[in-house]
Protein chains: 2
Amino acid sequence: MNDIKQFLRSNALRPTKQRIVIAGYLFDGTDKHVTAESLSTELAKRKHIISLATIYNTLHDFYENGLLKKLTLSADRVYFDTNTNDHHHFYSEKEQFLIDINKNIKVNGLPKTPKNKKINKIEVIVHLDK
Amino acid sequence: MNDIKQFLRSNALRPTKQRIVIAGYLFDGTDKHVTAESLSTELAKRKHIISLATIYNTLHDFYENGLLKKLTLSADRVYFDTNTNDHHHFYSEKEQFLIDINKNIKVNGLPKTPKNKKINKIEVIVHLDK
DNA sequence: TCAACACTTTAGAATCATTCTAAACTGATA
DNA sequence: TATCAGTTTAGAATGATTCTAAAGTGTTGA
Ligand SMILES: [Mn+2]
Ligand SMILES: [Mn+2]
Ligand SMILES: [Zn+2]
Ligand SMILES: [Zn+2]
């Protein structure tokens, strides 16, 4: 709890009640993939009612500070990922199912990068069925 | 034009004026990535005004019939891809920039697929900068 | 300790891509 | 050519997200 406050301060984020609760949930040691909605629901289960606006604000604040990654897997909700290491995903759109692939993956056979561009990140999504 | 009509019929799609125009544009031999909006704009340049509702309907009809692939690269617009072969992409979110990677890419080092799931498709997105 | 102020939170409105509704239209068929 | 299922469309609705602006709070210097 004081760790969380320090943690937030060290990321130039004022440790407000809401941010402490959200960080406490997100960074509890277990990697998580959340949407604004799912996060809101989880916090509500724990009797922490935080407005959706604040949840969006906080997710973005954390993202801007590199505490979260952002995943665009579906067109109609954004996932935030507490695992900030380089990694990939198994994903089932149908089942809203998302699992980290932390193993080292190699992508072979890429053509040369387009002129004047630089590779920022290679993202591998393994879409699952049934 | 009659080819287009046949093409549509052979896909169980009634060859309406609108579908003929849209198919004529999309399947002209050049691979394309379009959004509903960009397609609408391109058609408008060619003096073909088709309602957005129809453009959405048609993109979905084509998609359902396997004539298009759907790409979820950004959270706030869906891309449709006229290249229906298995392939991957270079993508620049900032520049709305999208290039096919048709070369055979191999992804090595995947962990084993989660129990009771099947790999449907492996998607590689090479995010570009600069 | 506390005033002062920048930073935050929040309800509710706004945005915007997409989907839906239901009425008018049209391609296919006999 | 009449009929009807399939299509198109304007406009309303939806839903995730962002914005607005007013009220609340953490920080800091005296
Ligand atoms: Mn949406
Ligand atoms: Mn949106
Ligand atoms: Zn992850
Ligand atoms: Zn493509």
Side-chain angles (χ1 to χ4, degrees), chain A residues 1-2 4-26 33-44 48-65 67-68 70-80 93 96, chain B residues 1-2 4-25 33-44 47-65 67-68 70-80 93 96:
Chain A
M1 160 71 183
N2 268 319
I4 296 178
K5 284 194 181 182
Q6 280 322 307
F7 171 73
L8 289 169
R9 283 208 190 84
S10 72
N11 281 285
L13 292 165
R14 193 178 285 191
T16 63
K17 295 194 202 71
Q18 294 81 351
R19 282 175 179 164
I20 290 167
V21 165
I22 294 174
Y25 169 72
L26 289 178
H33 302 102
V34 303
T35 64
E37 199 60 38
S38 78
L39 177 53
S40 170
T41 302
E42 282 309 312
L43 297 177
H48 288 119
I49 305 304
I50 297 177
S51 78
L52 254 191
T54 296
I55 286 178
Y56 276 105
N57 289 341
T58 303
L59 287 171
H60 285 127
D61 293 341
F62 287 5
Y63 170 70
E64 307 277 75
N65 283 277
L67 305 179
L68 294 174
K70 202 189 289 193
L71 302 178
T72 309
L73 300 167
S74 145
D76 39 60
R77 73 189 124 299
V78 171
Y79 286 90
F80 288 89
E93 165 135 49
Q96 304 277 272
Chain B
M1 159 74 184
N2 267 319
I4 296 178
K5 285 194 182 183
Q6 280 322 307
F7 170 73
L8 290 169
R9 285 208 188 83
S10 72
N11 282 285
L13 292 165
R14 192 179 286 194
T16 64
K17 294 195 203 68
Q18 293 83 350
R19 283 174 177 165
I20 289 167
V21 166
I22 294 175
Y25 170 72
H33 302 102
V34 302
T35 63
E37 199 60 38
S38 78
L39 177 53
S40 171
T41 302
E42 282 309 312
L43 297 177
K47 309 298 176 197
H48 289 119
I49 305 305
I50 297 178
S51 78
L52 255 190
T54 296
I55 286 178
Y56 276 105
N57 289 340
T58 303
L59 287 171
H60 285 128
D61 293 341
F62 287 4
Y63 171 70
E64 306 278 73
N65 283 277
L67 305 179
L68 293 174
K70 202 190 290 192
L71 303 178
T72 309
L73 300 167
S74 145
D76 38 59
R77 72 190 125 297
V78 171
Y79 287 89
F80 288 90
E93 164 135 48
Q96 303 277 271

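The structure presented is a predicted model; accordingly, all values stated were derived computationally and were not measured.
- To the nearest angstrom, C1' of dT18(D) lies 18 Å from CZ of Arg77(A).
- Inter-axis angle, ends of the helix from dT1(C)-dA30(D) to dA30(C)-dT1(D), five pairs per end, rounded to 10 degrees: 30°.
- Distance, Leu8(B) CG to dG6(D) P: 16 Å, rounded to whole Å.
- If you check dC19(D), dT9(C), dA10(D) against the side chain of Ala53(A), the one that comes closest is dC19(D).
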**Q.** Under 4.0 Å protein heavy-atom contacts per nucleotide of nucleotides 22-30 of chain C, with B for base, S for backbone only and - for none
**A.** ----BBS--
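- Using a distance-only test at 3.5 Å, with no hydrogens or angles considered, a donor-acceptor pair links the side chain of Thr41(B) to the main chain of Glu37(B).
- The CG-P distance, from Leu73(B) to dA17(C), rounds to 16 Å in whole Å.
- Qualifying salt bridge (Lys or Arg N to Asp or Glu O under 4.0 Å) partners for Glu64(A), counting only residues two or more places apart in sequence or in other chains: none.
- For the pair Leu13(B) CG and dA5(D) C1', the computed distance is 15 Å after rounding to whole Å.
- Atom CD1 in Ile55(B) sits roughly 12 Å away from atom C1' in dT8(D) (whole-Å rounding).
- For the pair Glu37(A) CD and dT14(D) P, the computed distance is 16 Å after rounding to whole Å.
- In this structure, the nucleotide among dC20(C), dT8(D), dT10(C) sitting nearest to the side chain of Thr54(A) is dT10(C).
- For dT17(D), the OP1/OP2 oxygens have no side-chain nitrogen or oxygen of His60(A) closer than 4.0 Å.
- The 5' end of DNA chain C is approached more closely, in terms of each residue's nearest nucleotide, by Ile49(A) than by the other of Tyr56(B) and Ile49(A).
- A sub-4.0 Å separation between OP1 or OP2 of dT25(D) and a side-chain N or O of Gln18(A) is absent.
- Atom pair Leu39(A):CG and dT17(D):C1' shows a separation of 15 Å (rounding to whole Å applied).
- Put simply, the side chain of Thr58(A) gets close to the backbone of Thr54(A): a donor and an acceptor are under 3.5 Å apart.
- In the set dT9(D), dT18(C), dT18(D), dT18(C) carries the atom at the smallest distance from any side-chain atom of Val78(B).
- Taking atom CG of residue Asp76(B) and atom P of nucleotide dG15(D), one finds them 18 Å apart after rounding to whole Å.
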